[in-house]
Amino acid sequence: MNSKMITLPKDTEVKPRRRPQAPAGRRSSSLHGREARGAWILMSPYMVLLLVAGVIPIAYAFVIAFQTPPTPLNPEVSFGGLESFTTVVTDYRFLDTFANIFSVLVVWLPIMLVGIIGLALLIHASPGRFGSSMRFIYYIPGALAGVANFVLWVYLLNPAQSPIQGFWHALGFTTIKAVLVSPSNLPMILTAMLLFQGLGTWILVVNGGLNNIPDEVLEAAEIDGANAWHLAWHIKLPMIRAWIGYAALMNLAYGFQLFLEPYLLDQVASNALPDQWTPTQLGYAFAFSNYNFPAAAAMSIILLIITLGIGLLVVFRSGLFGKEEH
Amino acid sequence: MAAAERPRRGQWSAGRIARVATMLFVATIIIFPIVGFIAMAFRDNANVQAGTDGFLGLGGVSWDNVVYSWSQVNGFGPGEGGLFTRWMMNSLFVGIGGAVLAVLAAIPAGYAMARLRFRFRRAVLFVTLVTMVIPNTVLVIPIFLEVNAVDAVGELWPVLVIMGFFPFGAYLSYIHFMTTMPIELVEAARIDGLGELAIFFQVATPISKQAIALVAFFSFVANWTNFFLPLALLSSNQQNKTISIGLQELIGASPLFNPTVAAGLDVKLYMPQLALATSISMIPLLVLFICAQRYLMRGQTVGAVKG
């Protein structure tokens, strides 16, 4: 059970149908053709959208990435080989943006995972109204996703009116700009923002995994004299290992594309922060500040390859897809 | 035996007190800023700056303040203002349109992947899973280049169409038909002489209310809060912004962060006004969340939310 991710289908799988069975054998190939034709008709709206929003943009990004950027002197684009990739990788900000992401990841990911697992276990150990209302409260910031969460944080981070004003004053900050530009603060602030908005959703996910543990297992352990702590540490935790891996990888991939928070924090710090603090911001700058579309495309491809690698790990290792392997 | 032991565990042991205290502590950390933020929308800027209004500013809330703040938020924009309402409408348009498109595409696709045999079925499922777990911001710049190539940057319809591609929805629908519609039901319908499309419309669709609700909900929430896609595609056209990037423009016009821009405006957007605009922008999500709760709590599929 524990190795199956999320809501995997129970046992109604394609396996039996692959073998030449009596009912399948009776079906003629024209029937199969009709089934496949029906399938493709039903799939067609989705396939069109997959092409428009996925396949074509990626293919086009590859085309663009291998062109030279048009310049005032030479407005014609031509084949540039790996030139745009060189531009990106040798950009003085390129390595910095990844170093910045890592400075957030090393603080945020461990706290995030411990928080998710700890709170999910606490909720699972609290049946009834109390547990479910806590789970609901933890989920609320997740619903305030994106810009709304950001404005909430502007309220918290501004020493002039923050409810944690005393905290900022004790640290010697009197303006939001001072809070943000202090060099070591940014990874901490981003960690706090990401925890606040991400914890609840992931607690729900891991809690779903805990709910999949059969009651008999827990009851048997209780009869054997396990207390709540033993149950959590020796029974529940090992049984949700796959879910923890899933949460870790998904959050890692999420970390690589950070954009909104550093982008908007720069805005409320009167542009005192680096404009290209994360890789996605750098890609955005290539496209919208330099109008160097080949470099922007190359940057997207680099990020796509990184997140694709993590994504493939998720798909293959989590059992999302594995259920169909035979 | 186990039942007989239960009441003892119901007592207030040290472990239980620690567990409840920890959970309440975390809940407090979450609730306080949200309460203070909502109160901010009901406060007066002079008091906010003076730091009066008491604990979390709850002492200074009044409806008059909201009326004033709304006049400022709604007054933002060229001429008579009204940009905020326009942005909300744009968000509703692309959010609902994208969700409808996502449902129309994902429900039949999930059914076909779950219950029909065709070549490349596993390949399509695989691509769906991979696109589902990749953060969607990664594709935004390539999408921008594509939309730019057809000269539609600044238009709302490309945003709506792109939002309609919702692989997580197709996966939810796949799981739904895998778990609720036995293959025997499809076979029986075939024996009854129904065609493949008729089976989908007459047998599968009537039992997919739950899946439709979930796909519509998750897709609308994702569309409403999407920031990077509208930022890349719509920033160039102030009238066609969505509320997420509109809020960003309001922040940028606040005297708190950008005195030079704010000095040229008729309206003053201090923290109460920004908090009001943000709170109003969350109302559609709140309404939807209350409406969809019945469906959200029933299915364990909620656990599969994309991070």
Side-chain angles (χ1 to χ4, degrees), chain A residues 6-7 9 12 35-36 38-39 42-43 45-46 49 53-54 56-58 60-61 64 122 125 134 137 141 143 145-148 151-152 155-156 161 163 201 204-205 208 219 222-223 228 250-251 253-254 257 259-260 267-268 280 283 287 293 296-297 300 303-304 307-308 311 314-315 320-321, chain B residues 2 15 19 22-23 27 30 33 36-37 40 48 56 104-105 108-109 111-112 116-118 126 129-131 133-135 137-139 141-143 145-146 161-162 164-165 170 175 178-179 182 196-197 200 225 227-228 244 247-248 251-252 257 271 274 278 282 285 300-305 307:
Chain A
I6 332 187
T7 51
T12 45
E35 184 175 343
L42 291 171
M43 294 288 298
Y46 181 68
L49 290 169
I56 294 173
I58 293 173
Y60 189 54
I64 298 267
L122 287 176
M134 287 300 123
I137 289 172
V147 186
V151 185
L152 178 84
Y155 158 72
L156 292 176
Q161 70 224 357
T201 317
L204 281 189
V205 174
E219 276 165 21
E222 281 185 346
I223 292 168
M250 289 292 278
N251 280 296
Y254 184 82
Q257 56 81 54
F259 177 82
L260 185 148
Q267 193 176 349
V268 296
T280 309
F293 291 166
S300 302
L303 276 174
L304 184 66
T307 48
L308 190 66
V314 172
V315 171
L320 269 178
F321 198 56
Chain B
R19 167 167 60 80
T22 312
M23 290 170 78
I30 288 169
F37 185 72
M40 179 61 85
V48 170
L56 287 180
L104 292 179
Y111 167 78
L116 298 178
R117 276 165 295 173
F118 55 99
F126 177 72
L129 288 170
V130 171
T131 43
V133 297
I134 291 179
T137 47
V138 177
L139 288 179
I141 287 178
I143 285 170
L145 297 174
E146 176 195 41
V161 172
I162 301 294
F165 176 60
I175 295 295
M178 274 294 195
T179 47
E196 296 298 333
L197 296 183
F200 172 72
T225 56
F227 181 78
F228 200 33
S244 57
L247 283 176
Q248 180 219 358
I251 297 168
F257 314 113
M271 208 58 212
L274 294 179
T278 307
M282 297 312 291
L285 287 189
Q300 317 95 312
T301 26
V302 74
V305 181

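These numbers come from the heavy atoms of this one structure, side chains and all, not from hydrogens, waters or symmetry mates. So you know, we letter chains A, B, ... as the sequences are listed, proteins then strands, and number each from 1. Just so we're clear, the structure is a prediction, and the values are computed from it rather than from any experiment.
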### Query
Can you say whether B/M23 sits under 4.5 Å from chain A via the side chain, the backbone, both, or neither, judging by heavy atoms?
both
### Task
Check whether B/F200 gets within reach of chain A through its side chain, its backbone, both or neither, counting any heavy atom under 4.5 Å.
side chain
### Query
Where on B/L285 is there a heavy atom nearer than 4.5 Å to chain A: the side chain, the backbone, both, or neither?
side chain
### Task
Please report the closest heavy-atom contact between B/M282 and A/A148, naming both atoms and the distance.
SD-CB, 3.3 Å
### Query
Taking all atoms of both residues into account, what is the closest heavy-atom pair of B/A112 and A/L42, and its distance?
CB-CB, 4.3 Å
### Message
Show the nearest heavy-atom pair for residues A/G311 and B/V133, with the distance to one decimal.
### Response
CA-CG2, 3.5 Å
### Query
Quick one: CD1 on B/I30 to CE on A/M134, what's the gap to the nearest 0.5 Å?
9.5 Å
### Query
Considering all heavy atoms of both residues, which atom of B/F257 and which atom of A/Q267 are nearest to each other, and what is their separation?
CB-O, 4.2 Å
### Task
Could you tell me which non-hydrogen atom of B/A105 sits nearest to which non-hydrogen atom of A/Y46, and how far apart they are?
O-CB, 3.6 Å
### From A/F259 atom CZ to B/T137 atom OG1, the distance as rounded to the nearest 0.5 Å
9.0 Å
#### Entry: Distance (rounded to the nearest 0.5 Å) between A/Q257 CD and B/F228 CZ
9.0 Å
## Note on the structure
CG of A/L152 to OG1 of B/T278, rounded to nearest 0.5 Å, is 9.0 Å
## Note on the structure
Closest heavy-atom pair, A/L49 versus B/G164, reported as atoms and distance to 0.1 Å, is CD1-O, 3.5 Å
### Task
Report yes if some heavy atom in the side chain of A/P45 is under 4.5 Å from a heavy atom in the side chain of B/L104; otherwise report no.
no
### Query
When heavy-atom pairs shorter than 4.5 Å are enumerated against chain B, which of A/I64, A/V268, A/L303, A/I137 gives the highest number?
A/V268
### Message
Need one label for A/L304: side chain, backbone, both or neither, based on atoms under 4.5 Å from any heavy atom in chain B.
### Response
both
### Task
To the nearest 0.5 Å, tell me how far A/L260 CG sits from B/T225 OG1.
9.5 Å
### Message
For a side-chain contact (heavy atoms from CB on, under 4.5 Å) check, start with the C-alpha distance between A/Y155 and B/L274, then their side-chain angles and the critical distance, and finish with the verdict.
### Response
CA-CA 10 Å; A/Y155 158 72; B/L274 294 179; over 6 Å; no
